[in-house]
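Read through the structure below, which is laid out as structure tokens, and then see the notes.
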2 protein chains.
Amino acid sequence: MADGTIYLYFKNKDDILVQFFSYKAKQVFDLFREEVFRAEHAVEKLRNLVRRHLDEFQRDRNMAIVYQAETHQNCRSVEPQIREMAKMYLDIVSEIVEQGQADGSMRKDLYLSLVKRFILGAVDETINHWLHSGGKYDLVSMADPLIDLFIRGIGNTPQMQ
Amino acid sequence: MADGTIYLYFKNKDDILVQFFSYKAKQVFDLFREEVFRAEHAVEKLRNLVRRHLDEFQRDRNMAIVYQAETHQNCRSVEPQIREMAKMYLDIVSEIVEQGQADGSMRKDLYLSLVKRFILGAVDETINHWLHSGGKYDLVSMADPLIDLFIRGIGNTPQMQ
DNA sequence: GTTAAATGAATGAATATTCATTCATAATTT
DNA sequence: AAATTATGAATGAATATTCATTCATTTAAC
């Protein structure tokens, strides 16, 4: 493709970014919701969500690189529009956690807006590490250990029999 | 200060970044270790570490902005040197978790290298959200709720009496 | 008065953007 | 159905912009 061709389809460089993300987001969030509704219980919903999240980022490494860079930048003009997408993700997590609280599988005393970021942050850092390691290992295999950490934490709390 | 003045003290732009980070890292990691050794139990060490982490980033917002941007960028020449610092942090976390496992306060069946990133990721995302919100609220107050999530997770596992 | 430090306009390499032109295809005319 | 005309997507050379870096000059220090 020639240099100028892209400007027939996009206003400027930022517009490419924003349009790409809103296109990709539509695609990916449909998959996410599908994956979430496939499961019945909250924990399984969360597991499916995280697994699909990792899977999509592993599938599209360039998207992962751009996403990581753009969402961790301040003072970009396109920032609000891209962060809007992260919000959609956080809303799915909220929904799942609220369901988990309702059915008793998750604690009631949770600071919900922190829980969302706690989960997204851990998944994001998992992806970030995978990117910086050159994508050598299988990212999706991190889903189950992550869910285990999210649900049970690292503390050694003896369970009831 | 005039444009050119900085080149009397630094080789180039990347050198500014690397020198700044290694200077800051020395400062901050001394504080971190001090904070960690101040506590006796592993959980309290982790709490002190996270609290100090949030405190330092809240204190130096510009550092936080640059750190977030640089650690989430691929293909930067300075990347390895900055990631080296994240590694130091991860090593402190490792140490704490291993102590926690030894004294029985943390689970033995942990995927340690994932636990490190799980904790760093959640703290990082907490900082990132604070940055994007314009730093309006108190970041340090997130430390205790975060530690609670790290230790107990979000699952509702009834405890022994 | 000599040395050292600071200045900021100038540079140029990298990259974002424009726009006159080309050309294959579609539509219209004979 | 052959010839003519219109269309608009693609091109890429030309231009605009950004930004890290330099260096001749000025200012300050001793």
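Proteins get letters first, then strands, A, B, ... in listed order; numbering begins at 1 in each.
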Which atom pairs, donor and acceptor, lie under 3.5 Å between side-chain atoms of residues 94-102 of chain B and protein residues at least two apart or in another chain?
unit_1, atom_1, unit_2, atom_2, d
B:S94, OG, B:L90, O, 3.4
B:Q99, OE1, B:K45, NZ, 3.0
B:Q99, NE2, B:E40, O, 3.1
B:Q101, NE2, B:R107, O, 2.9
B:Q101, NE2, B:K108, O, 3.3

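- Smallest separation of non-hydrogen atoms from B:N48 and B:A39: ND2-CB, 3.6 Å.
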- Item | nucleotides 12-20 of chain C: protein proximity per nucleotide (B base, S sugar-phosphate only, - neither; heavy atom, under 4.0 Å) | ----SBB--
- How far apart are the C-alpha atoms of A:V43 and A:R47, what are their side-chain angles, what is the distance that settles it, and do they pass the side-chain contact (heavy atoms from CB on, under 4.5 Å) test? CA-CA 6 Å; A:V43 175; A:R47 187 187 311 279; 4.1 Å; yes
Using atom types as modelled, flag every donor-acceptor pair under 3.5 Å from a side chain in residues 61-69 of chain B to any protein atom, sequence neighbours excluded.
unit_1, atom_1, unit_2, atom_2, d
B:R61, NH2, B:L131, O, 2.9
B:Q68, NE2, B:D124, O, 3.4

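- The two residues B:D15 and B:F10 have their closest heavy-atom pair at OD2-CA, 3.6 Å.
- Listed by chain and residue number, nothing satisfies the ring pair (Phe, Tyr, Trp, His ring centres under 6.0 Å) test with A:F21 (two or more places apart in sequence, or in another chain).
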- Counting primed atoms, P, OP1 and OP2 as sugar-phosphate and everything else as base, the B/S/- map of nucleotides 24-30 of chain D against protein heavy atoms under 4.0 Å is -------
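- For B:D14, the salt bridge (Lys or Arg N to Asp or Glu O under 4.0 Å) partners at least two apart in sequence or on another chain are B:R76.
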